[in-house]
Structure formats: C-alpha cells, structure tokens
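What follows is a short report on a single structure.
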Amino acid sequence: MKRLFFVLIMICSAILLSATLRSDPTKGGKVEIPITTTKAETPHPKSLSIPIEAEYVSSYSAICVRFNSNLGDVDIDVMNSSTGDMWSWTVVGGNIMAVLPISGDNGMYTITFTLTNGNEYEGEFEL
C-alpha cells in the first residue's frame, strides 16, 4: 500500500512539473533562439543554410551555441534591449560549441554573430 501511494505521488509530481515547464519555458527549461542571416551570402538567400544553432538554458543562465561547421573566429554580441546590458565574446575557430553566460534578467535579447568573412547572423529571444 505504501508503494502504491509513493508511486501515485511521484506520477502526480511529474505531471505537475511537466505542466509547469510547458507553461513557462524559461523556468527550468530552454528557449530556442531562431537565427537568421543579416547579410546575403549569395544572390539566392533562400538557399542559405544557417550554420549556427542557439538556445538559452535557464538552469545555467547561459546561451548555448552550436556551430554546424568550422566558421573560423566568430565575434558574438548579446544585448538586452530592456536593461541595456551587453556582453561580447570571440569564439576561436574550430570550436563546435560555446556557452555564453548572461544575467538571465527579463527582457528582449538580441544576439549577433559576426564571421571573419563579414557574414552576420542574428537572433532574438525574450525572457
């Protein structure tokens, strides 16, 4: 009987936690950051694939960036337009992932990636 009660409590807890995470993705979860190009690399921008993926991970108060190919050195700038806070990093070529700590304060954020060849990518997300 005690085991059944314990199992029922665990199931209810899991359901409540799942519902909470779905209602607010910034609490204990991740926020996907859609990345777009800001400068056309070719005359046909629809054929471009974006070589960068990013998401905000609230448990780390950080942006996790994945590079799908070796882009060389990449300058990354993040700005919270609500607070005016700014952060800047240079990720050395050859790295496939970077973890970029930010404040995690509420606001509208813009992240900009500048490659050495002049191509730029940008994403926006809200916390």
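One-based numbering along the sequence shown.
- Atoms CD1 and OH, on I76 and Y121 in that order, are 13.0 Å from each other to the nearest 0.5 Å.
- Residue E124 holds its CD atom at 8.0 Å from OG1 of T36, rounded to the nearest 0.5 Å.
- No single ILVMFWY cluster, assembled from side-chain heavy atoms under 4.5 Å apart, contains both I35 and V99.
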Review point. Between L100 and V65, is a side chain to side chain contact (heavy atoms under 4.5 Å, CB included) present by the stated rule, with each step listed?
Key: CA-CA 8 Å; L100 314 172; V65 179; 3.7 Å; yes
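- Residue pairs meeting the salt bridge (charged side-chain N to carboxylate O under 4.0 Å, His left out) criterion with at least one member in residues 91-103: none, sequence neighbours excluded.
- Contact check for L71 versus P51: side-chain heavy atoms found under the 4.5 Å cut-off.
- Residues satisfying the ring-ring contact (aromatic ring centres under 6.0 Å, His included) criterion with Y109, sequence neighbours excluded, are F125.
- Using modelled atom types, no side-chain atom of T38 and backbone atom of E122 make a donor-acceptor pair closer than 3.5 Å.
- V31 and M108 fall into different hydrophobic clusters, where Ile, Leu, Val, Met, Phe, Trp and Tyr residues are linked whenever their side-chain heavy atoms come under 4.5 Å apart, directly or through other members.
- Annotation: the span from D77 atom CG to W87 atom CH2 amounts to 11.5 Å, rounded to 0.5 Å.
- The distance from atom CD of E53 to atom CE of M97, rounded to the nearest 0.5 Å, is 10.0 Å.
- Listed for the S61 side chain is no donor-acceptor partner under 3.5 Å among the backbone atoms of G104.
- Side-chain N or O atoms of D73 include one that pairs as donor or acceptor with a backbone N or O of G93 at under 3.5 Å.
- In terms of heavy-atom proximity, G94 sits nearest to N70 at N-OD1, 3.1 Å.
- Looking at residues two or more places apart in sequence or on another chain, you find a salt bridge (Lys or Arg N to Asp or Glu O under 4.0 Å) between E55 and K30, R66.
- Looking at residues two or more places apart in sequence or on another chain, you find a side-chain hydrogen bond (donor to acceptor under 3.5 Å, both in side chains) between D75 and T90.
- A pairwise comparison of heavy atoms in G107 and N80 identifies CA-OD1, 3.7 Å as the closest pair.
- A heavy-atom distance below 4.5 Å is found between the side chains of W89 and P101.
- The side-chain contact (heavy atoms from CB on, under 4.5 Å) test applied to N117 returns L115, N119, not counting sequence neighbours.
- Listed by first then second residue, pairs satisfying salt bridge (charged side-chain N to carboxylate O under 4.0 Å, His left out) with a partner in residues 88-110 number zero, not counting sequence neighbours.
- If you take CG on L127 and OG on S58, they are separated by 8.5 Å, rounding to the nearest 0.5 Å.
- Distance check, rounded to the nearest 0.5 Å: CD1 of I111 to CD1 of I33 gives 5.5 Å.
- Of all heavy-atom pairs between A54 and I63, the closest is CB-CG2, 4.3 Å.
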